[in-house]
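Each chain gets a letter, A, B and so on, in the order its sequence line appears, and its residues count up from 1.
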Amino acid sequence: MIALQQAQNVPDPLSVPANAPEHCPGTESELAGKSDACAGCANQEICASGKARGPDPALPFVNERMANVKRKILVLSGKGGVGKSTFTAQLGWAFAADEELQTGIMDVDICGPSIPTILGIASEQVHSSSSGWSPVYVQDNLGVMSVGFMLPSSRDAVMWRGPKKNGLISQFLKDVDWGTLDYLLVDTPPGTSDEHLSIVSYLKESGIDGAVVITTPQEVALQDVRREIDFCKKVGIRVLGLVENMSGFVCPNCKNESQIFKPSTGGGRRLAEDMGVEFLGAVPLDPRIGKSADYGVSFLDEYPDSPATTAYLDIIEKIKQQLGD
Amino acid sequence: MTSVTQDTPVGRRLRHIKHIIIVCSGKGGVGKSSVSAQLALSLYGSSPTTRVGILDVDLTGPSIPRMLGLDGHPVHQSSDGWVPVYADGSEARLACMSVGFLLKKKEDSVVWRGPKKNAMIRQFLGDVRWGELDYLVIDTPPGTSDEHLSLMEHMAPVHDKLSAVVVTTPQAVALLDAMKCLSFTRAVNLPVLGLIENMSGYVCPCCGEISNVFSTGGGEEMARREGLKFLGSLPVDTELVTLLDAAEVEESQPSEGEIVQRSFGILRRYEKTSTAPLFAKIVEEIVRSLQNPLTNGATSGS
């Protein structure tokens, strides 16, 4: 239908600037600066001259910073509230358990940053030095950057449209003094929009090692996750694998397992098969995971005997294997 | 946000709608879409003549078509704009519009930046032939960004019809985002009808023990602190999850007749879930607030 045709006319989602008019053909298109939609756009002349087909000016700086980062991993999901941030935090803690490794976590969920709370550093602030913004350190080898550290109060809403969000993401990549990192984990907001396109386009040259996609078992979530995997394919990101979260609930009273979010269409395992991606594992729903996140403590350390911990560690091992580490 | 010009295309379309309810929450996956769907179904079921519309502006993750069992249904174009999909078939009292209807394949992703999302929302508000409605329920994506700002901007001519319902789950991480959402409603002067706490407790189907999977009570506490009306808490209802997941919907394009039957089925089956009576109370409260805007005291932005 009408809207669909518009969607298809966009040749490469990465080449549409954040402040472009509605029907921008993309700066790398043959029609750049010449299509009807370009009339009145402030950048029309630049596009028409062909100069805009060059890279974003922030790119060299991003590349410079990212040259010291060995692995860059995105944590994605089309759906909200499936446990992206919780998983990112656990993954960060698990990597940082090895004292030899330096790990960074970058939270690009600008409107709903949860990472500071989950890592128990919500009251910290970012300091800037001559070498850039210093990340907030949870422990010596685990640095974190999030918009949550920059708000005067946790009640404040960040009411930004796309271009401002993109600006901050580019700053996170070029102005943060990460130092030398073995792993940089990027926690993303739900959906497939500005934040995702920005992070992918800024990291295109330095290379993204892969994405871990999180889902919950019910079809309503799987629907969105299918779209996210489709997005990864469109922009050429390798999917390291799919994690099914909140999979089955063990009643603390009778110890019987029941399915809160029923995998009515086969759950994550089936989706992984259908889409041709690796199924990394299923993490059962343990109320203590959510509680640990609320209190900002590491679930893996607090409850090493929980079946969820075993599942997490298995998945993390598989991710390392996928990366070849 | 002043209503200087009533005469925008959006203003003209929405003039015939009595109340517009925006369902929002800062956090994703707390049940905005499920609450929106339930709100629409409950309002629809509240009287045999109530006309309800449901608009899904979650452009990159539309869930409403699936939840109402309308997956794969096409949208038709008429001389007077897009015809919404009627969930109840020929009775045409439950109109539904979502970007999900415009996608060819269910795994197609909508990878749009802000300006395109803004354009789509303007089309949804200005080009859809809603007709006369008693209620228009708007389901929003998580966050406080393009979609939300666009909604408020385009609906400025009908600002006096707008109100919001905030949904949260009880855990601290979600409450934090709900607080941000509330700050947003205050910044744009959007009256809040109240707060719903979703996924509050889970009854083990085996032994009946209530587990607070995502903690409990946080929503009520937040409502009290912020001077909001607490509309109620809804436990995790697996029956409802399964119903809204519409497991048995086959992928083939269903004929008109089948759609009618199935959707009535959804309402009938929804009314049998244990959540339905709890939600009916919430809806009663919402309808009362909407009818006596002066008595719902501490709701508008402070």
Worksheet item: If you take all heavy atoms of A/S114 and B/D177, which pair is closest and at what distance?
Response: OG-OD2, 4.1 Å
Fill in: Per-residue contact mode, A/F249 against chain B (heavy atom under 4.5 angstrom)
side chain
Response to the item:
Between B/S145 and A/W160 the two heavy atoms that sit nearest each other are OG-O, 2.6 Å
Worksheet item: Which bit of B/T169 is near chain A, if near means a heavy-atom gap under 4.5 Å: side chain, backbone, both or neither?
Response: neither
Worksheet item: What part of A/D230 lies closer than 4.5 angstrom to a heavy atom of chain B: side chain, backbone, both or neither?
Response: both
Fill in: Toward chain B, the part of A/L285 with a non-hydrogen atom under 4.5 Å
side chain
Discussion item. So for A/N166, is it side chain, backbone, both, or neither that comes closer than 4.5 Å to the heavy atoms of chain B?
Written reply: side chain
Worksheet item: Side chains of B/S109 and A/R226: do they bring a donor and an acceptor to under 3.5 Å?
Response: no
Worksheet item: What residue, out of B/G114, B/S215, B/S183, has the most heavy-atom pairs lying under 4.5 Å from chain A?
Response: B/S183
Worksheet, complete the sentence: Whatever's closer than 4.5 Å to a heavy atom in chain B on A/I118 counts as side chain
Worksheet entry | 4.5 Å side-chain heavy-atom contact, B/P62 and A/R227 | yes
Worksheet item: Going by an N to O cut-off under 4.0 Å, is there a salt bridge joining A/R161 and B/E147?
Response: no
Fill in: Choice from A/A157, A/A293, A/G162, A/C254 maximising heavy atom contacts with chain B below 4.5 Å
A/A157
Worksheet item: Heavy-atom distance under 4.5 Å to chain A: side chain of B/P142, backbone, both or neither?
Response: side chain
Worksheet item: Is it the side chain or the backbone of A/L222 that comes within 4.5 Å of chain B heavy atoms, both, or neither?
Response: neither
Discussion item. Between A/T117 and chain B, with a heavy-atom cut-off of 4.5 Å, which part of the residue counts as in contact: side chain, backbone, both or neither?
Written reply: side chain
Discussion item. So for B/N212, is it side chain, backbone, both, or neither that comes closer than 4.5 Å to the heavy atoms of chain A?
Written reply: backbone
Worksheet item: Nearest heavy-atom pair of A/D294 and B/V173: which atoms, and what distance?
Response: OD1-N, 3.1 Å
Fill in: Closest non-hydrogen atom pair, B/G143 against A/C111
CA-CB, 3.8 Å
Worksheet entry | Contacting moiety of A/K291, where chain B heavy atoms sit under 4.5 Å | neither
Worksheet item: Is a side-chain donor or acceptor of B/K180 paired with a backbone partner of A/D156 at a separation under 3.5 angstrom?
Response: yes
Worksheet item: Hey, is the main chain of A/V158 close enough, under 3.5 Å, to the side chain of B/T144 for a donor-acceptor pair?
Response: yes
Worksheet item: Are any of the side-chain nitrogens in A/R155 or B/E226 under 4.0 Å away from the carboxylate oxygens of its partner?
Response: yes
Worksheet item: Which word best sums up how the rings of A/F261 and B/F214 line up, parallel for under 30°, tilted for 30 to 60°, or perpendicular for over 60°?
Response: tilted
Worksheet, complete the sentence: Cut-off 4.5 Å, heavy atoms of chain A, and the answer for B/V213 is both
Worksheet item: Are the side chains of B/D71 and A/Q223 in touch, meaning some heavy atoms are under 4.5 Å apart?
Response: yes
Worksheet item: B/D245 side chain to A/V220 main-chain N or O, any donor-acceptor pair under 3.5 Å?
Response: yes
Discussion item. What part of B/K117 gets within 4.5 angstrom of chain A, counting heavy atoms only: side chain, backbone, both, or neither?
Written reply: side chain
Discussion item. Looking at every heavy atom in both A/M159 and B/L149, which two are closest together, and how far apart are they?
Written reply: O-CD1, 4.0 Å
Discussion item. Does any backbone or side-chain atom of A/K164 lie under 4.5 Å from a heavy atom of chain B? Answer side chain, backbone, both or neither.
Written reply: neither
Response to the item:
Between B/T238 and A/Q259 the two heavy atoms that sit nearest each other are CG2-O, 3.4 Å
Worksheet item: Picking from A/S154, A/P113, A/S77, which has the most non-hydrogen pairs under 4.5 angstrom with chain B?
Response: A/S154
Practice prompt. In sequence, state the C-alpha distance, the side-chain angles, and the governing distance for A/Q218 and B/L244, and then conclude on side-chain contact (heavy atoms from CB on, under 4.5 Å).
Written response: CA-CA 10 Å; A/Q218 77 276 35; B/L244 295 180; over 6 Å; no
